[in-house]
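Before any comments, here is the structure.
Residue numbering restarts at 1 for every chain, and letters A, B, ... go by the order of the sequence lines.
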Number of protein chains: 2
Amino acid sequence: MPRWKPDAVERLQAAALELFDEQGFERTTVAEIARRAELTQRTFFNHFADKREVLFGMDAELRQELVREITAADALPPLDAVVCAMRVVADKMLESRRAVVTRRYAVIAANPELQERELGKNAALTEDIAAALHARGCDPTGAFLAAGAAMLAQQAAMREWTRPGETRTLRDLLTEAVRSLRTTVGGEPAEPSPPDSGAGPS
Amino acid sequence: MPRWKPDAVERLQAAALELFDEQGFERTTVAEIARRAELTQRTFFNHFADKREVLFGMDAELRQELVREITAADALPPLDAVVCAMRVVADKMLESRRAVVTRRYAVIAANPELQERELGKNAALTEDIAAALHARGCDPTGAFLAAGAAMLAQQAAMREWTRPGETRTLRDLLTEAVRSLRTTVGGEPAEPSPPDSGAGPS
DNA sequence: CAAGTGATTTCAGTTTGTGCAATCACCGTA
DNA sequence: TACGGTGATTGCACAAACTGAAATCACTTG
């Protein structure tokens with residue numbers, strides 16, 4: 001007979017998601033999560049750096065996979081390479097888990113602290129993408145802008161994808177978002193050098 | 001004789017910036033900040049929601065000013081309106097305080113928790129910008145993408161502007177970043193359609 | 001001059017997060 | 001079989017972040 005029930009990490013993650021969903025993030029204490037997972041508070045902090053981190057488990061492998069796909073898409077220009085990689089990851093790792101991802105997304109959307117953590121994860125991912133592009137010959141600023149633009153489209157797509165009535169695939173929503181972004185950013189008759197302080201009304 | 005020394009908030013902000021700069025964010029305790037400002041820990045938490053917030057004071061007025069400028073630049077297309085407003089705000093509120101802003105930026109860059117908070121502030125600002133654009137007739141997704149793109153350029157510009165040797169103005173760096181973003185996002189050989197503004201890059 | 005206001009303080013308490021030592025089933029090895 | 005090492009878990013003690021409630025008291029207002 002094993003000394004401990006297996007899958008402590010998964011049990012903690014599941015308990016946390018349940019409790020956050022039931023009563024909110026702030027009203028849930030770490031001791032409570034641990035109790036429901038039949039573990040102790042101390043064990044929780046052995047597995048997760050802090051209370052929020054319990055919701056961000058699959059981040060590492062997702063990031064790893066994405067970077068791999070980017071370096072694989074060597075032929076395409078930067079933004080296309082990233083978007084292409086994102087489509088692959090969307091199909092391979094997100095599309096099948098739509099229910100869980102949506103639930104997690106709702107929990108995060110309901111709490112500012114969790115939103116901040118997600119923004120941090122996204123920023124780290126952006127840096128990784130930029131690094132992968134830089135390794136391919138992009139200048140640092142260009143790499144950062146391309147990575148950021150791709151993440152922007154990804155965010156817009158996720159917003160739609162996690163909507164209650166939505167049925168389109170994340171892949172399609174991402175493609176649509178990229179097209180929209182290209183329209184918004186690209187097709188503007190802007191004059192690059194207004195004399196000073198703009199031709200503003202008022 | 002007044003009962004308390006005036007400007008408690010400013011004193012706390014100054015003390016916090018000093019201490020974070022001297023010994024880092026984590027190694028600085030709230031009690032320590034309060035002591036240097038000749039106040040108590042409880043007073044600190046009366047003025048700031050948490051330890052990080054003490055560094056993000058001028059956010060509110062900056063946001064307010066930016067939104068006003070955006071609604072003022074009614075004639076321009078979305079992205080240009082936002083960038084134009086950002087240039088005004090850069091000139092009016094940032095350029096003169098380069099030293100302080102750079103110092104604050106360095107402190108934030110040195111600590112993940114502070115970076116998360118800044119990302120949160122930036123996200124909130126993005127939402128405000130998107131709301132202002134939406135009020136002008138943009139569709140929600142388009143507004144979000146335009147706001148995000150502008151913030152992306154702004155971030156890239158800030159990175160350069162706060163570099164040790166850098167002498168160019170934030171306004172110029174922002175303009176340059178926007179140009180770079182338009183090149184990165186717009187000029188892709190997948191669908192080459194630059195019908196106007198004949199200066200095709202690459 | 002009495003009453004009210006509001007920034008500050010004190011105090012007691014909860015929660016997060018950490019360091020350290022102890023437990024004890026499991027595993028490989030003699 | 002015996003035996004020592006490994007590693008996930010736990011208990012305990014503790015710093016630090018935050019919170020609610022009540023008290024203080026210069027200043028303001030009527």
Answer whether the closest heavy-atom distance between the side chains of Gln154(B) and Trp161(B) falls below 4.5 Å.
no
Regarding dT24(D), can its base be found pairing with the side chain of Arg3(B) as donor and acceptor, where the two atoms are less than 3.5 Å apart?
yes
Close residues, residues 39-60 of chain A, relative to DNA chain D [heavy-atom separation under 4.0 Å]
Leu39(A), Thr40(A), Arg42(A), Thr43(A), Asn46(A), His47(A)
Pair Glu127(A) + Arg159(B): basic N to acidic O under 4.0 Å:
yes
Please state how far atom CD in Gln23(B) lies from atom P in dA16(D), giving the value in whole angstrom units.
11 Å
Below 4.5 Å, heavy atoms only, C-beta onward: do Glu118(B) and Gln115(B) meet side chain to side chain?
no
Nearest-Å distance for atom pair CG/C1', residues Leu12(B) and dT9(C):
14 Å
Just the rounded figure in Å: distance from C1' of dG20(D) to CD of Glu26(A).
16 Å
Sugar-phosphate only, base, or nothing, as touched by Ala8(B) at under 4.0 Å among non-hydrogen atoms
sugar-phosphate
Show the numbers, then the answer: is there a side-chain contact (heavy atoms from CB on, under 4.5 Å) between Ile129(A) and Arg63(A)?
CA-CA 9 Å; Ile129(A) 295 171; Arg63(A) 162 189 322 202; over 6 Å; no
Does anything in residues 14-35 of chain B form a ring-ring contact (aromatic ring centres under 6.0 Å, His included)? List the pairs, not counting sequence neighbours.
Phe20(B)-Phe25(B)
Test side-chain contact (heavy atoms from CB on, under 4.5 Å) on Met58(B) and Arg97(B) and set out the steps.
CA-CA 12 Å; Met58(B) 77 176 185; Arg97(B) 305 188 188 182; 3.3 Å; yes
In whole angstrom, what separates Ile33(B)'s CD1 from dC18(D)'s C1'?
14 Å
Rounding to a whole Å, what distance do you find between Asn111(A):CG and dT16(C):P?
12 Å
Take atom CZ of Arg11(A) and atom P of dA8(D), then tell me their distance rounded to the nearest Å.
14 Å
On DNA chain D, does the nearest nucleotide to Phe25(B) precede the nearest nucleotide to Trp4(B) from the 5' side, or the other way round? Give the residue.
Phe25(B)
What is the distance, to the nearest angstrom, from the CD atom on Glu32(A) to the P atom on dT14(C)?
15 Å
Pairing residues for Thr169(A) by the side-chain hydrogen bond (donor to acceptor under 3.5 Å, both in side chains) criterion, not counting sequence neighbours:
Asp172(A)
Distance check needed: dA15(D) C1' versus Arg27(B) CZ, whole Å only.
14 Å
